2 protein chains.
Amino acid sequence: MGVAMDSKIFNLKSKLEVYKAMPGGGNFADCPVRDVIQGISGKWSSLLVMALAEKPYRFGELRRLVPDISQRMLTQTLYDLQRDGYVHREVFPTKPPSVEYSLTDLGRSMFAPLQMLIQWAELNHYAVREARVAFDAAQA
Amino acid sequence: MGVAMDSKIFNLKSKLEVYKAMPGGGNFADCPVRDVIQGISGKWSSLLVMALAEKPYRFGELRRLVPDISQRMLTQTLYDLQRDGYVHREVFPTKPPSVEYSLTDLGRSMFAPLQMLIQWAELNHYAVREARVAFDAAQA
DNA sequence: GAGTGGTAGTCTCAAAATGAGACCAGCACT
DNA sequence: AGTGCTGGTCTCATTTTGAGACTACCACTC
């Protein structure tokens with residue numbers, strides 16, 4: 001099973017130590033790794049990063065691509081991604097000025113591991129769905 | 001086991017196609033991959049999965065390990081993780097009954113790619129922090 | 001036998017994040 | 001003169017989350 005690869009490849013003496021490793025000195029609450037993870041684990045972040053990994057998109061294109069995101073959250077999520085350095089925002093002086101969003105090098109670098117997770121989800125979403133059904137049936 | 005994690009298939013012709021690939025036939029909104037990703041991209045999910053990847057923990061231990069999670073969210077996040085099949089919950093009939101949470105095979109399988117992301121965050125959190133500072137300075 | 005503490009939670013209320021939708025300015029096209 | 005497209009912002013309702021009190025049970029101490 002896919003479990004054995006854990007200790008071999010990654011050599012995690014204490015995984016929590018890695019997660020909470022920080023300069024501050026031991027407080028698990030403000031850990032930089034956790035900070036970064038939470039920055040990309042918002043509801044829409046990974047979805048937008050994934051879209052932009054394919055190619056740059058304009059605001060309206062992204063809105064149409066993800067029909068159930070509100071304009072408000074699209075604006076804000078893109079802003080946050082830009083602030084964290086994953087996304088580049090460029091305004092073109094066309095007649096109605098258009099804005100293009102694209103991944104930065106940092107964004108592309110982050111997308112590599114993110115894609116692993118997406119790939120896992122692609123391969124295993126059925127198992128998750130099954131687990132849910134079984135769980136709900138057991139509860140009832 | 002139904003857990004699949006082949007290291008192949010890196011050729012994403014259209015990454016969005018993969019993400020939105022679903023039986024329903026084209027609606028980006030209810031995509032199983034996105035559904036799975038959002039299930040593990042909650043604020044506390046990855047943190048708890050990571051903790052449990054180290055070893056099984058009891059409820060109170062997890063609460064002490066993550067001091068800034070509310071008991072309410074700990075209960076609920078563990079419930080959701082259990083429902084999705086990542087976490088196993090076992091009650092021991094000790095005098096005050098104790099409950100142990102552990103990763104299932106599916107959970108361990110999911111942790112492998114998740115760990116890639118964590119590793120990336122560990123290596124690049126400084127760059128993200130820098131980007132934020134630069135962005136905030138530019139805004140001011 | 002009264003108090004204290006630890007177990008894993010639930011319940012309630014306030015605060016924060018999010019969703020839904022109206023509104024904006026500017027220009028092109030009809 | 002009206003309509004549409006651009007990328008937003010603003011307001012308000014709903015949902016989600018946080019903070020903290022509260023529960024039942026038992027063991028242990030005083």
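A note on names: the letters A, B, ... follow the listed sequences, proteins ahead of strands, and every chain is numbered from 1. This one's a predicted model, so the numbers in the text were calculated from it and none came from an experiment.
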**Study point:** B:K43 side chain, from C-beta outward: closest of D:dG18, C:dT7, D:dG8
**Key:** D:dG18

Give every donor-acceptor pair under 3.5 Å between a side-chain atom in residues 71-82 of chain B and any protein atom, sequence neighbours left out.
| unit_1 | atom_1 | unit_2 | atom_2 | d |
| --- | --- | --- | --- | --- |
| B:T75 | OG1 | B:Q71 | O | 3.0 |
| B:T77 | OG1 | B:M73 | O | 2.7 |

Review point. Rounded to whole angstroms, how far apart are CZ on A:R58 and P on D:dT6?
Key: 6 Å

Practice item. May I have the distance from A:E100 (atom CD) to D:dG8 (atom P), rounded to whole angstrom? Key: 13 Å

Practice item. Check whether any side-chain nitrogen or oxygen of A:W44 sits under 4.0 Å from OP1 or OP2 of C:dA17, and answer yes or no. Key: no

Exercise for review: Using the rule that two of Ile, Leu, Val, Met, Phe, Trp, Tyr join whenever any of their side-chain heavy atoms come within less than 4.5 Å, decide whether B:L48 and B:L65 are in one cluster.
Suggested key: yes

Exercise for review: Mark yes or no for whether A:E61, through its side chain, and A:R58, through its backbone, hold a donor-acceptor pair below 3.5 Å.
Suggested key: yes

**Study point:** Partners passing salt bridge (charged side-chain N to carboxylate O under 4.0 Å, His left out) against A:R108 (at least two apart in sequence or in another chain)
**Key:** A:D105

Check your understanding: Rounded to whole angstroms, how far apart are CZ on B:F59 and C1' on C:dA8?
Key -> 6 Å

Point to revise | Cationic N near anionic O, under 4.0 Å, A:R63 to A:D68 | key: no

Check your understanding: Near DNA chain D, which residues from residues 71-84 of chain A have a heavy atom under 4.0 Å away?
Key -> A:Q71, A:R72, A:T75

Check your understanding: Can you check the A:E90 CD to D:dT6 P distance for me, whole Å?
Key -> 18 Å

Review point. Which part of the nucleic acid does A:F92 contact within heavy-atom distance under 4.0 Å: base, sugar-phosphate only, or nothing?
Key: nothing

Exercise for review: Let me know the distance between CZ of A:R63 and P of D:dG7, rounded to the nearest Å.
Suggested key: 8 Å

**Study point:** Whole angstrom value for the distance that separates C1' of C:dG21 from CG of A:D68
**Key:** 16 Å

Review point. Separation of B:I69 atom CD1 from D:dT16 atom P, in whole Å?
Key: 17 Å

Revision key, fill the gap. Between B:P96 and B:Y101, the residue closer to the 5' end of DNA chain C by nearest nucleotide is B:P96

Check your understanding: Under the 3.5 angstrom rule, does the side chain of B:S41 hit a backbone N or O of A:K43 as a donor-acceptor pair?
Key -> no

Check your understanding: Which nucleotide, D:dC26, C:dC27, C:dG19, lies nearest any side-chain atom of B:K95?
Key -> D:dC26

Check your understanding: Taking atom P of D:dT6 as reference, at what distance in whole Å does atom OH of A:Y57 sit?
Key -> 15 Å

**Study point:** Side-chain donor or acceptor of B:T104 paired with backbone N/O of B:Y86 under 3.5 Å
**Key:** yes

Check your understanding: What nucleotide, of D:dG18, D:dT6, D:dG7, holds the atom closest to the side chain of B:S70?
Key -> D:dG18

